[in-house]
Amino acid sequence: MPRHPALDRNLMPLTASLRQVMTRLNEGVGGVVLVTDDDGVLRGVVTDGDIRRAIIGGAAFEAAAHTFMSRAFTAGRAHAEAIDNLGLLSARVRHLPILDAHGRPVDLLTWADLWRMPLVQPSLGGNESKYVNDCLATGWISSQGAYIDRFQSAFAAYMGGGQALCCSSGTTALHLALAALGIGPGDEVIVPDFTFGATANVVIHAGATPVFVDVDPVTWTLSPAAAATAVTPRTKAIIPVHLYGHPCDMDPLLALAREHNLKIIEDCAEALGAEYQGRRVGTIGDVGCFSFFANKIITTGEGGMVITTNKDLAILMARLRDHGMAKDRRYWHLEAGFNYRMTNLQAALGLAQMEVVEKFLKRRADLVARYDKALTGINGLTLPPRAAWAKNVHWLYTIAVDPAVLGLTRDQLAQKLMERGIETRPVFFPLHPQPAYARAIAHPCPVTEDLAARGLSLPTGNDMTVEDAGKVCEAMTSVLRTHLVFQVRSA
Ligand SMILES: Cc1ncc(COP(=O)(O)O)c(C=O)c1O
């Protein structure tokens, strides 16, 4: 019979000391070790809670496991029906040893094997299949068809106006904007150091040079002050990124752009619905670019959108998206354009998603409220940024962990949550040290470096329930409580 891969790491002898058991628990074995005698028979289990109680009770670090283990444990039987063993798992028993006829652990059944909280899952319960099936039934599956216009119109209406053009991804949306704005070789483009690589890659694709500047410690987004120090005569554009759903402080960036005649391309990949001083992001700069990858606020599988109120720019972007062909003369290329078109199939998904975008945002706000309620005031946790002028849509509820206060690092916390079936995601690395950007220009980015080492995104999805968020909070507080006790005792 195949054994659970974690079983061997869970086993410890009766003679193991409190310190050894704590060390093993700290290595991440699902919050429990199984204590066996010389014959391999299970004699007791030790959980994080048992350790906490032993420490509070004054147990010595060298005390042997048998003095503080729980002898009353729940175990399944190797020859029992699987369903009977499953029935023994509960919120209290998340790690079930399976014993042979002699009482020796031969397998494990864990809660995390059965219950998983993914970081994000797309929500496709509206008109998605109806509209996609309509494309299939009518044969309009490529980049022509009614859903393209309907999706673009619905998107523009939601944004309060402008010309919206859907494209094949958030990355191609950004590249299209740069190309249409004439950014090219010899030009510099200011980009935050703290973002997904696509923001900088497109600058390189355009033949220009990314200039990395730091983010602001309050908003975690492009620092206007840092951007101001990075402007040179070669600077042609700034790409503010509304990271994790929090808007950038746009007014000082707009002022900087006016002063130096720079273009502003908003990277709204993660921020559909976010607002800066009551204005939707994407409508503030020259062009707004959105992503509809499956983990975004709305999805088309892969996909993106550019939006602008500049009619000439919209015409040029539409043409560049379609190979640079003249609208009134087929196969006549005015520019060497791209094929960055979205398919009608994707637009069908996008339209269905736009119909429920407000519902998605409301659900996210409810999840945020639940997370806030449980996590506010925990020393050593910084909650997601929320400037007074910002509507943060919390694409991912992202916190920063202070290991000096909590006694565990961001990655240890992530590991412990994973053991409880909860998927999390570390934030992006700083871009400037990465090989791809060796030729970019980098300004000092201490805030990015700090956040990148400590930031962790918790599950945040359109279909996630408030109860699900509650389970994540429970797991978080249980992990943190245990570590706090370790710390107090070791101090
Ligand atoms: C900040 C940011 N910019 C750009 C992109 C690129 O979007 P896409 O994956 O749709 O190409 C993403 C998405 O992953 C992103 O998070």
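Model, not experiment: these values are computed from the prediction. Each ligand, and each atom within it, is numbered from 1 in the order the structure gives. Just the heavy atoms: all of them, side chains too, but no hydrogens, waters or symmetry mates, feed the values below.
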Item to check | Parallel, tilted or perpendicular, as decided by the 30° and 60° cut-offs, for the rings of Phe428 and Phe196 | outcome: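 Tilted: the ring planes of Phe196 and Phe428 meet at 30° to 60°.
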
Could you list which atoms of ligand 1 come closer than 4.0 Å to a heavy atom of [X]?
{"X": "Val241", "result": "1 (C)"}
{"X": "Ala269", "result": "2 (C), 3 (N), 4 (C), 5 (C), 12 (C), 15 (C)"}
{"X": "Lys296", "result": "13 (C), 14 (O), 16 (O)"}
{"X": "Glu270", "result": "1 (C), 15 (C), 16 (O)"}
{"X": "Phe196", "result": "2 (C), 5 (C), 12 (C), 13 (C), 14 (O), 15 (C), 16 (O)"}
{"X": "Thr199", "result": "3 (N)"}
{"X": "Thr171", "result": "6 (C), 7 (O), 8 (P), 11 (O)"}

Item to check | Minimum-distance pair of heavy atoms, taken over all atoms of Thr424 and Pro459 | outcome: CG2-CD, 4.5 Å

Checklist entry - Which pair of non-hydrogen atoms, one from Arg364 and one from His394, has the smallest distance, and what is that distance? => result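 Distance-wise, the nearest heavy atoms are NH1-O, 3.1 Å.
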
Checklist entry - Counting heavy atoms only, which part of Asp267 comes closer than 4.0 Å to ligand 1: side chain, backbone, both or neither? => result side chain

Next on the checklist: Quick check with a 6.0 Å cut-off and a 45 degree axis cone: is Arg321 positioned over the face of Phe338's six-membered ring?
Outcome noted: no

Next on the checklist: Does Arg150 qualify as a cation-pi partner of Phe155, given the criterion of NZ or CZ under 6.0 Å from the six-membered ring centre and within 45 degrees of its axis?
Outcome noted: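 No cation-pi geometry.
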
Item to check | ligand 1 contact by Glu302, heavy-atom criterion under 4.0 angstrom | outcome: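 It does not, in that no heavy atom of Glu302 comes within the 4.0 Å cut-off of ligand 1.
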
Checklist entry - Is a side-chain donor-acceptor pair under 3.5 Å present for Asn344 with Tyr131? => result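 Looking only at side-chain atoms, Asn344 and Tyr131 do not form any donor-acceptor pair under 3.5 Å.
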
Checklist entry - For atom 9 (O) of ligand 1, what's the nearest protein heavy atom and its distance? => result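 In this structure, atom 9 (O) of ligand 1 has Ser291 OG, 4.0 Å as its nearest protein heavy atom.
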
Checklist entry - Purely on distance, is any nitrogen or oxygen of Thr195 under 3.5 Å from one on ligand 1? => result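 Not met; the criterion fails.
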
Checklist entry - ligand 1 and Gly170, any nitrogen or oxygen pair closer than 3.5 angstrom? => result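 Yes: some nitrogen or oxygen of Gly170 is under 3.5 Å from one in ligand 1.
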
Checklist entry - Is the Phe292 to Phe151 ring centre distance short of 6.0 Å? => result yes

Item to check | Test log, rule ring-ring contact (aromatic ring centres under 6.0 Å, His included), inputs Trp220 and Tyr244 | outcome: CA-CA 9 Å; Trp220 301 7; Tyr244 294 110; 7.3 Å; no

